[in-house]
Amino acid sequence: MTDTSPQFTAVAFSGSLRAKSSNTGLVRMSARLAPAGLRVDVVDELVHALPFYNADFEEDPPIEVVRWRDALAAADALIIGLPEYNFLPSPTAKNAVDWVSRPYGRHVLCGKVVALLTSGGKGGGSKTQAALGPVIGLLRNTVVDEPVVQIALGETTIDVDGTTTDPTIEERVAAKLAAILVALQARVEP
């Protein structure tokens with residue numbers, strides 16, 4: 001009997017709290033389009049329940065933080081649906097990254113394969129990727145930059161359920177997922 005379970009796991013979350021967010025749609029699309037060998041688990045409920053980051057609680061964090069850290073620790077990859085607010089990552093996304101990048105030297109956001117998917121205004125969220133991507137890379141992660149998924153005016157073509165009226169968006173997300181899988185496989189091949 002052949003084992004058909006995925007070889008790798010990614011956790012994915014939307015950095016948006018909006019009910020009809022196209023970034024949430026991108027995250028759900030990634031779970032639906034995951035290639036064989038990669039399972040994508042959407043963990044919005046964990047991330048959206050996090051309290052604001054407070055260094056006073058690094059050593060004894062709230063249970064919501066423990067659950068988020070445990071989910072990421074158990075995963076090989078991280079996918080973020082990253083909205084752009086005033087050219088920067090949303091507070092929700094930044095807060096989630098802050099909690100898993102601390103305490104320094106013992107954090108769980110290290111050694112992961114990370115991909116950013118953005119849906120934004122006319123620029124598609126390019127500035128938010130430029131702001132957060134290098135920070136995540138500094139934490140000894142592999143950031144999958146190519147192919148770029150920055151969907152301009154995504155709210156007109158991406159539904160929150162992960163469907164789209166534009167098949168090229170699914171092609172771009174599928175190509176990003178394939179690149180994540182290649183990066184993960186490269187880590188285990190001799």
Side-chain angles (χ1 to χ4, degrees), residues 10-31 40 42-55 64-65 68 72 77-102 104 107-110 112-166 168-177 179-180 183:
V11 292
F13 74 86
S14 173
S16 176
L17 300 176
R18 289 181 53 239
K20 295 185 178 182
S21 166
S22 54
N23 284 288
T24 301
L26 285 173
V27 167
R28 291 177 178 167
M29 187 183 299
S30 71
V40 177
V42 178
V43 295
D44 286 346
E45 70 285 349
L46 294 178
V47 170
H48 296 176
L50 292 170
F52 284 118
Y53 175 76
N54 182 337
E64 296 87 355
V65 174
W68 166 224
L72 183 58
L78 171 63
I79 300 169
I80 304 175
L82 188 61
E84 181 176 286
Y85 298 154
N86 297 319
F87 307 122
L88 294 169
S90 69
T92 303
K94 176 73 167 59
N95 189 52
V97 169
D98 287 344
W99 276 118
V100 292
S101 63
R102 298 287 186 271
Y104 184 74
H107 57 83
V108 297
L109 183 56
C110 181
K112 305 294 180 189
V113 171
V114 182
L116 306 176
L117 314 173
T118 59
S119 168
K122 292 180 183 176
S126 61
K127 290 181 175 56
T128 192
Q129 284 198 19
L132 192 59
V135 172
I136 292 173
L138 286 174
L139 298 171
R140 298 191 315 257
N141 296 292
T142 301
V143 179
V144 178
D145 292 318
E146 297 289 333
V148 174
V149 177
Q150 296 171 350
I151 311 301
L153 303 173
E155 68 276 2
T156 63
T157 55
I158 303 168
D159 198 319
V160 70
D161 68 359
T163 59
T164 180
T165 57
D166 182 350
T168 64
I169 294 173
E170 284 193 353
E171 291 169 11
R172 290 163 72 182
V173 171
K176 179 72 102 175
L177 293 165
I180 293 168

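Being a predicted model, the structure only gives us computed values, none of them experimental. Counting from 1, the numbers follow the sequence of the chain as shown.
Counting heavy atoms from C-beta outward, Tyr53 and Val65 have side chains that stay 4.5 Å or more apart.
Closest of all the heavy-atom pairs between Ala130 and Pro134 is O-CD, 3.1 Å. Contact between Ser30 and Val173 at its shortest, heavy atoms only, is CA-CG1, 4.0 Å. Taking every heavy atom of both residues into account, Trp68 and Val11 meet most closely at CZ3-CG2, 4.3 Å. Of all heavy-atom pairs between Val42 and Ala31, the closest is CG2-CB, 3.9 Å. Ile180 approaches Ala77 most closely through the heavy-atom pair CG2-CB, 4.1 Å. What you find for Ala10 and Ile79 is that their closest heavy atoms are CB-CD1, 4.1 Å.
Proximity of a side-chain donor or acceptor of Asp166 to a complementary backbone N or O of Thr168 within less than 3.5 Å is detected. In terms of modelled atom types and a separation under 3.5 Å, the side chain of Asn95 and the main chain of Pro51 share a donor-acceptor contact. Under a 3.5 Å cut-off, the side chain of Lys112 and the backbone N or O of Ile136 do not form any donor-acceptor pair. Side-chain atoms of Thr24 do not come within 3.5 Å of backbone N or O of Ser14 as any donor-acceptor pair. Judged by distance alone, the side chain of Arg28 and the main-chain N or O of Val160 form a donor-acceptor pair under 3.5 Å.
Here the straight-line distance linking atom OG of Ser22 with atom CG of Leu153 works out to 9.5 Å at 0.5 Å rounding. A distance of 11.5 Å separates OG1 in Thr92 from CD1 in Ile80, rounded to the nearest 0.5 Å. The line from CD of Glu84 to OG of Ser16 is 13.0 Å long, rounded to the nearest 0.5 Å. A distance of 8.5 Å separates CZ in Arg18 from CG in Asn23, rounded to the nearest 0.5 Å. Residue Cys110 holds its SG atom at 11.5 Å from CG of Leu138, rounded to the nearest 0.5 Å. The CG atom of Leu82 sits 5.5 Å away from atom CG of Leu116, with the distance rounded to the nearest 0.5 Å.
Residues forming a salt bridge (Lys or Arg N to Asp or Glu O under 4.0 Å) with Glu64 (at least two apart in sequence, or on another chain): none.
Judged as a salt bridge (charged side-chain N to carboxylate O under 4.0 Å, His left out), the pairs with a partner in residues 86-96 (not counting sequence neighbours) are, in order, Lys94-Asp98. The side chain to side chain donor-acceptor pair (under 3.5 Å) pairs that include a residue from residues 130-151 are Gln129-Gln150, Thr142-Arg187, where partners are two or more places apart or lie in different chains.
Paired with Met29 under the rule side chain to side chain contact (heavy atoms under 4.5 Å, CB included), one option of Val40, Ile169, Leu177, Leu117 passes, and it is Ile169.
Between the side chains of Asp161 and Thr163, at least one donor N or O sits under 3.5 Å from an acceptor N or O.
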